[in-house]
Amino acid sequence: MAGKDQGTAEAASKHPIPPGFENALVSPEAYKEMYAASMADPDAFWGEQGKRIDWIKPYTKVKNTNFNFGEVSIKWFEDGELNVAANCIDRHLATRGDQVAIIWEPDGPETPAKHITYRELHDKVCRMANVLKDQGIQRGDRVVIYLPMIPEAAYAMLACARIGAIHSIVFAGFSPDALANRINDSEAKAVITADTAPRGGRRTPLKANADAALLHCKDSVRCLVVKHTGDQTTWTEGRDIDVLALMGAASADCPAEAMNAEDPLFILYTSGSTGKPKGVVHSSGGYLVYASMTQQMTFDYKDGDIFWCTADVGWVTGHSYIVYGPLANGATTVMFEGVPTYPDAGRFWAVCEKHKVNQFYTAPTAIRALMGQGPEWVEKYDLSSLRVLGSVGEPINPEAWVWYDKHVGKGRCPIVDTFWQTETGGHMITSLPGAIETKPGAATLPFFGVKPVVLTAEGGQVVEGNGVDGVLCIGDSWPGQMRTVWGDHQRFQETYFQQYKGYYFTGDGCRRDEDGYYWITGRVDDVINVSGHRMGTAEVESALVAHAKVAEAAVVGYPHEIKGQGIYAYVTLMNGVEPTEDLRKELVKWVRTEIGPIASPDLIQWAPGLPKTRSGKIMRRILRKIAENDFGALGDTSTLADPSVVDDLIDNRMNRG
Ligand code: 6R9
């Protein structure tokens, strides 16, 4: 989306830092100095920053990393020992035990919010940790968390961290199949779920989904159920466990395990351009240092502020900026169960007013959806508490940026457009409220310790200077970087370090403008970004071809006004199968069941044939152009085995907007 208006937006002057940020944590001068220091001597820089968290055993080594394909190895603070939960809870008890750690805002505004203090958080997390231990979960074991946005999701994450178990959260919108795959890939010993999940006034049957998933898993996998709504569910004696009941009876004392800095804290599955989702592994020490530092500096978070990140804990943004970053900093973090448009399009702003939110962090897709409802929904509420606004998940189009700035921020809140990835653990390229002037649609400048490098897509030559385009790589490691792909270090190396030797490849394209600002232009691989959710086109394709009536499928993204990108599927049916409207609906439903609602194709075009090279490779470039309704410039089609299929696809294209 950024590409469209980029020329004009880039030419526009920078938005100055609004008044009131003179005493921001990072000043323009400090940014320059600290950034230069982080590049000149990463060991010294991070050796100092590592002290922002508590260590049971202090580290003596800081950075030990290697980006060379074949020998990739990432270690930070490698001889240090710590406990992440103790950092997020225990160390705050003496000074802020009675401060609210989590404000939980339920799906429906008629249900009262919950205010959970650090002391209460300690009590709940210890109890849940003891329940996990009683179920035989030990240090190093994997626990899948399949929960809605309820406090128990944070308790579960921290309970795992406390005993050294590795959590793997599966977004509650994923299907039973997707859940089963993740339980099996990580060989989890238990799954923690809830009876049902209210969202936007409707209820997702999570426990029923878990039941269906567990049919495909080992019998030994335990199912811990949070009775959240009290809705009726089935119950398998001996396997299903009532967590809340056991927590009530459990001890509120649970020692925190001393973990090595490099022990995995969590696995989070994410989509790539090929094959099944990868289990991204994050560390305990480096990850926490990075998540806490970015949360504090990117949002200019100060003691007493109320911080709200609207993401779901099922995504990395929820991990780093609802739970680990804010809690490590002793912040008050808001956790919202609902959706932006329920009961009406004013809900986000109602919650901001109600809880006097100071920093608000959301995704462009939400801004665009609310923008469409008109500014009157924003104007109904008192948003004077807001100080900093954030954006994450996809490039923000300048139109949405300007609306966000004007109607939500009233021109007085800096917008931090934070570019980062599941793999990076925390922000990589972002402005800082008191230090970096913004431009609508630009991620701006790198965070401390991050060395962006622009390369030519073909050939991988380093592109120097400003006013240039290319693919975005990172030249050296930072503490929040993922360490490996769960169970497949080779895949980790091949995915991120093989194509451009010596660099971490983000998969994104970018432009460095005349001012040296970075503009992320979107994925250059077969990953699409639907409402800020990453989706591998290969995943959707394999779901489609798993249907008995489908012979072949090719999936691409196309520009979508609200979602950023929509899912466009070309489907070739089995011989003799009639292409009907009913079948189209059936296929959409099929993909929803196979992967989850977020993967539903927006458009399905019946394709009697797909454009292929003589060697049988589908030419996605052509399919993308047709889906974008931009078929005037199809480029070179001379290698096609049968050029006539292209004309048919153009004639019957689904997007004529
Ligand atoms: C945090 C998160 C990562 C992909 C990334 C890029 C896109 C995220 C962005 C952005 C432009 C931003 N992306 N933030 N593009 N500007 N501020 O979203 O992680 O789900 O792994 O997605 O999202 O394409 O490569 P993840």
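Read the numbers this way: they start at 1 and go in the same order the structure lists the ligands and their atoms.
Nearest protein heavy-atom neighbour of atom 9 (C) of ligand 1: Glu394 N, 3.5 Å. Closest protein heavy atom to atom 20 (O) of ligand 1: Arg534 CD, 3.5 Å. Here the protein heavy atom with the shortest distance to atom 11 (C) of ligand 1 is Pro395 N, 3.1 Å.
At least one N or O atom of Gln421, backbone or side chain, sits closer than 3.5 Å to an N or O atom of ligand 1. In terms of polar-atom proximity, Asp508 is counted as a contact of ligand 1, with an N or O under 3.5 Å from an N or O of the ligand. Among the atoms of Ser391, none of the N or O lies under 3.5 angstrom from an N or O of ligand 1. Considering backbone and side-chain N/O of Thr317, none are found under 3.5 Å from N/O of ligand 1. For Ile520, no nitrogen or oxygen atom sits less than 3.5 Å from a nitrogen or oxygen atom of ligand 1, counting backbone and side chain alike.
Cation-pi geometry between Lys439 and Tyr517 is met: under 6.0 angstrom from the ring centre, within 45 degrees of the axis. Both the sub-6.0 Å distance and the 45° axial angle are satisfied by Arg182 relative to the ring of Phe174.
Contact record, Pro452 with Leu472: CB-CD1, 3.9 Å, taken as the closest heavy-atom pair.
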Cut-off 3.5 Å, no hydrogens considered: what does the side-chain donor-acceptor table look like for residues 456-466, sequence neighbours left out?
unit_1	atom_1	unit_2	atom_2	d
Thr456	OG1	Glu458	O	3.0
Thr456	OG1	Gly460	N	3.2
Thr456	OG1	Gln461	N	2.8
Asn466	ND2	Glu514	O	3.3

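Note on ring orientation: taking the six-membered ring where Trp is involved, the planes of Phe299 and His427 are perpendicular (angle over 60°, cut-offs 30° and 60°).
By the 4.0 Å N-to-carboxylate-O rule, Lys451 lies too far from Asp476 to be salt-bridged with it. Remark: Asp602 engages Lys563 in a salt bridge, criterion side-chain N to carboxylate O under 4.0 Å. For Glu423 and Arg534, the salt-bridge test passes: some basic side-chain N is under 4.0 Å from an acidic carboxylate O.
Heavy-atom proximity to atom 21 (O) of ligand 1, evaluated over Ile396, Thr422, Val392, Thr430, is greatest for Thr422.
Under a 4.0 angstrom heavy-atom cut-off, Gly393 registers as being in contact with ligand 1. Remark: distances from the non-hydrogen atoms of Trp420 to ligand 1 include one below 4.0 Å.
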